Amino acid sequence: MQRAIALVDCNNFYVSCERLFQPRLEGKPVVVLSNNDGCVVSRSQEVKDLGIKMALPWYQMKDVAKRHGIIAYSSNYALYADLSNRVMSLLSQFSPQQEVYSIDECFLELTGMESLGKLSDHAQRIRQTIKQGVGIPVCVGIASSKTLAKLANHVAKKQAHYNSVCNFNEMTEVERDVLFANIEVGEVWGVGRRSSVRLHEMGIHSVLDMQRVSPKRIRDEFSVVLERTVAELNGEACLELEDIVPDKQQIICSRSFGSLVSNLPEMEQAVVSYATRAAEKLRSQHSLASGIQVYIRTNPHKEKDPQYQQSILMPLAEPSDDTRHLCHAALQGLRQIYRSGYAYQKAGVMLTDIIPASARPRTLFDDVATQMRSHALMSAMDAINRRMGSGTLKLLAAGVSQNWAMRSGNRSPRYTTEWGEIARCNAI
DNA sequence: TCTGGGGTCCTAGGACCC
DNA sequence: TCTGGGGTCCTAGGACCC
């Protein structure tokens with residue numbers, strides 16, 4: 001039986017989320033910026049049409065934004081995450097097997113569902129359901145492997161006559177060849193900028209070229225990863241749907257500062273804040289970490305300023321999920337690598353050697369009473385912060401004024417997750 | 001003034017062991 | 001004269017993704 005995998009991808013997801021609550025943005029050029037209002041991470045079609053590239057720094061496009069009346073929003077992850085959950089939940093009705101691949105896209109297994117009629121018609125019903133139920137526009141690509149499904153989605157998005165749905169399985173080989181010959185190889189999932197350049201040098205320019213290249217040659221010149229991509233392009237499904245989300249093997253929390261930091265006390269506040277957040281993520285997947293890595297750096301874009309970056313891995317005496325232990329280790333690490341005389345732009349922490357909490361190693365000398373008190377305290381903190389808002393209860397070491405905190409100049413209200421910011425309907 | 005954050009997988013190379 | 005070969009584990013770094 002022909003394998004049928006769908007990739008459902010939200011259009012301009014963050015921008016679509018903003019428009020949902022502010023319909024006046026419809027038809028206008030809109031962008032959403034990364035943390036710190038750094039660069040563009042989501043663009044409306046109007047902005048794409050202006051030729052503005054993804055990840056362009058905001059300060060570099062302020063002039064063009066002014067000329068064209070581009071409206072910029074700071075990112076509002078609480079809103080996007082909530083709407084994403086609604087989309088994914090609705091999509092789960094359409095297949096027994098769903099892999100949520102990112103905040104705005106998921107794979108659905110549709111193999112064998114041809115009995116429902118043409119799969120492209122089915123995909124149109126999926127689109128209508130999401131549009132009606134959440135209000136977010138999506139495109140659907142269908143094919144016999146994940147890499148091809150991604151490509152089909154790309155076609156559905158770019159070529160208007162497909163009406164937002166493209167099913168390679170419903171096309172003849174000749175039709176596909178014509179299509180593939182006209183798509184740049186760099187559009188393929190797994191072919192990044194570096195590989196793209198090298199492939200071009202080898203004379204492989206289009207998706208069709210890539211499909212027909214000898215897998216062995218790709219393996220020798222690149223890696224097994226890209227060799228799999230070639231197989232996937234030929235309809236051989238090498239990548240399975242991963243419907244069970246595995247625990248994270250590393251948990252990172254890092255952020256650029258709103259303004260440069262040149263003193264240890266503020267760096268300490270930032271590192272404690274990040275370690276606190278990382279510990280929350282760790283507990284939410286019921287895991288323990290045995291190490292915490294701390295990382296600091298100056299601004300590499302300021303070439304004239306003295307540059308410094310350093311990281312250090314701090315092993316913990318025993319695996320833990322206690323914010324206090326993790327922060328303590330992180331601070332010790334920070335003090336070892338911190339050098340005065342630099343203007344720091346960013347710090348981060350990474351939890352490593354993560355194990356399930358149920359696999360905590362036991363010893364004869366375990367202080368079970370302390371472990372239980374720690375667990376009770378962390379559970380209470382998490383419950384309060386969930387209910388009253390993140391950061392309601394925190395370590396004093398995280399600082400109160402937080403002068404280094406990120407900029408977020410134009411964030412929309414958290415319409416769906418904060419009582420105080422909920423959307424209002426005014427009767428006239 | 002101003003350039004994101006969070007992940008995964010693979011590979012190469014060194015240390016170490018027998 | 002002549003100094004192996006294979007395996008594992010760890011780490012750093014690269015490439016890619018959204």
Side-chain angles (χ1 to χ4, degrees), chain A residues 7 9-14 31-43 53-63 65 72 74-77 80-81 84 99-107 146-147 150 153-154 185-199 218-229 238-239 242 245-260 270 274 277-278 281-282 285 291 293 295 297-305 309-313 315 343 345-354 406-409:
Chain A
L7 179 76
D9 192 318
C10 301
N11 301 351
N12 322 326
F13 182 54
Y14 296 170
V31 295
V32 172
L33 305 175
S34 65
N35 278 343
N36 263 322
D37 295 343
C39 38
V40 174
V41 291
S42 183
R43 304 159 295 161
K53 298 269 182 260
M54 189 71 168
L56 187 67
W58 171 235
Y59 79 93
Q60 284 179 13
M61 59 169 284
K62 271 192 178 161
D63 287 346
S74 306
S75 39
N76 184 350
Y77 289 108
Y80 311 149
S84 171
E99 174 186 341
V100 177
Y101 178 69
S102 75
I103 194 164
D104 71 339
E105 62 191 303
C106 83
F107 291 100
K146 285 167 101 175
T147 304
K150 288 278 278 189
N153 193 287
H154 170 81
V185 67
E187 298 292 347
V188 173
W189 189 41
V191 179
R193 223 184 57 240
R194 298 295 183 105
S195 308
S196 185
V197 170
R198 285 177 58 201
L199 285 167
I218 292 298
R219 170 150 203 171
D220 292 345
E221 297 276 337
F222 297 88
S223 67
V224 288
V225 183
L226 211 57
E227 185 189 21
R228 272 201 292 266
T229 299
C238 306
L239 307 169
E242 293 171 25
V245 181
D247 284 345
K248 302 262 182 281
Q249 299 172 39
Q250 52 185 35
I251 291 172
I252 297 172
C253 182
S254 75
R255 220 144 276 161
S256 306
F257 304 132
S259 51
L260 298 176
Y274 300 166
R277 178 71 196 116
K281 293 188 202 172
L282 184 69
Q285 69 167 36
Q293 191 172 335
Y295 165 82
R297 70 151 206 227
T298 53
N299 187 345
H301 298 292
K302 290 193 164 189
E303 289 170 12
K304 288 179 197 141
D305 288 5
Q309 68 166 15
Q310 190 57 262
S311 70
I312 185 169
L313 173 62
Q345 185 233 5
K346 186 175 183 179
V349 302
M350 179 164 86
L351 303 182
T352 61
D353 303 298
I354 291 174
M406 75 175 184
R407 292 183 300 268
S408 190

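Both backbone and side-chain heavy atoms feed into the values below; hydrogens, waters and symmetry mates do not. For clarity, every value in this text was computed on a predicted model and none was experimentally measured. Numbers restart at 1 for each chain; the letters A, B, ... are given by sequence-line order, proteins then strands.
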S.K.: A:Leu313 vs A:Thr352, test: side-chain contact (heavy atoms from CB on, under 4.5 Å). Steps then yes/no.
M.R.: CA-CA 9 Å; A:Leu313 173 62; A:Thr352 61; 3.6 Å; yes
S.K.: Would you confirm whether A:Gln309, through its side chain, and A:Arg297, through its main-chain N or O, come within 3.5 Å as a donor-acceptor pair?
M.R.: no
S.K.: Is a donor on one side and an acceptor on the other found under 3.5 Å between the side chain of A:Ser75 and the backbone of A:Tyr77?
M.R.: no
S.K.: Give the first and the last nucleotide of DNA chain B, reading 5' to 3', that has any atom under 4.0 Å from a heavy atom of chain A.
M.R.: B:dC2 to B:dT11
S.K.: What residues from residues 190-198 of chain A pass a heavy-atom cutoff of under 4.0 Å to DNA chain C?
M.R.: A:Gly190, A:Val191, A:Gly192, A:Arg193, A:Arg194, A:Ser195
S.K.: Can you tell me which stems DNA chain B forms, taking runs of 3 or more consecutive Watson-Crick or G-U pairs with both distances under 3.5 Å?
M.R.: B:5-18 with C:5-18
S.K.: Would you sort out whether A:Tyr295 and A:Met350 count as a side-chain contact (heavy atoms from CB on, under 4.5 Å), showing the intermediate values?
M.R.: CA-CA 8 Å; A:Tyr295 165 82; A:Met350 179 164 86; over 6 Å; no
S.K.: Can you sort out the partners of A:Trp189 under ring pair (Phe, Tyr, Trp, His ring centres under 6.0 Å), two or more places apart, ordered by chain and number?
M.R.: A:Tyr101, A:Phe107
S.K.: Sequence neighbours excluded, which residues qualify as side-chain contact (heavy atoms from CB on, under 4.5 Å) partners of A:Ser254?
M.R.: A:Ile252, A:Lys346
S.K.: For the pair A:Ser84 (side chain) and A:Ile103 (backbone), establish whether a donor and an acceptor sit closer than 3.5 Å, ignoring hydrogens and angles.
M.R.: yes
S.K.: Of A:Ser256 and A:Val225, whose closest DNA chain B nucleotide lies nearer the 5' terminus?
M.R.: A:Ser256
S.K.: Base, sugar-phosphate, or nothing for A:Val188, non-hydrogen atoms under 4.0 angstrom?
M.R.: sugar-phosphate
S.K.: Have a look at A:Ile251 and say if it touches a base, only the backbone sugar-phosphate, or nothing, with a 4.0 Å heavy-atom cut-off.
M.R.: sugar-phosphate
S.K.: For A:Phe13, check ring pair (Phe, Tyr, Trp, His ring centres under 6.0 Å) against everything at least two apart and list the hits.
M.R.: none
S.K.: Starting at the 5' end of DNA chain B and moving along, which residue's nearest nucleotide shows up first, A:Lys248 or A:Ser34?
M.R.: A:Ser34
S.K.: Mind checking if A:Arg228 touches a base, just sugar-phosphate, or nothing, with heavy atoms under 4.0 Å?
M.R.: sugar-phosphate
S.K.: Would you indicate what A:Gln249 reaches in the nucleic acid, counting non-hydrogen atoms under 4.0 angstrom: base, sugar-phosphate, or nothing?
M.R.: sugar-phosphate
S.K.: Check whether A:Ser34 reaches the backbone of A:Val41 with its side chain - one donor and one acceptor, N or O, closer than 3.5 Å.
M.R.: no
S.K.: Pick base, sugar-phosphate or nothing for A:Trp189, based on heavy-atom distances below 4.0 Å to the nucleic acid.
M.R.: sugar-phosphate
S.K.: Donor-acceptor pair, A:Arg198 side chain versus A:Glu221 backbone, under 3.5 Å?
M.R.: yes
S.K.: Under 4.0 Å, counting only non-hydrogen atoms across every strand here, what does A:Asp37 touch: a base, just sugar-phosphate, or nothing?
M.R.: nothing
S.K.: Backbone N or O of A:His154 within a donor-acceptor pair of the A:Glu187 side chain at under 3.5 Å?
M.R.: no
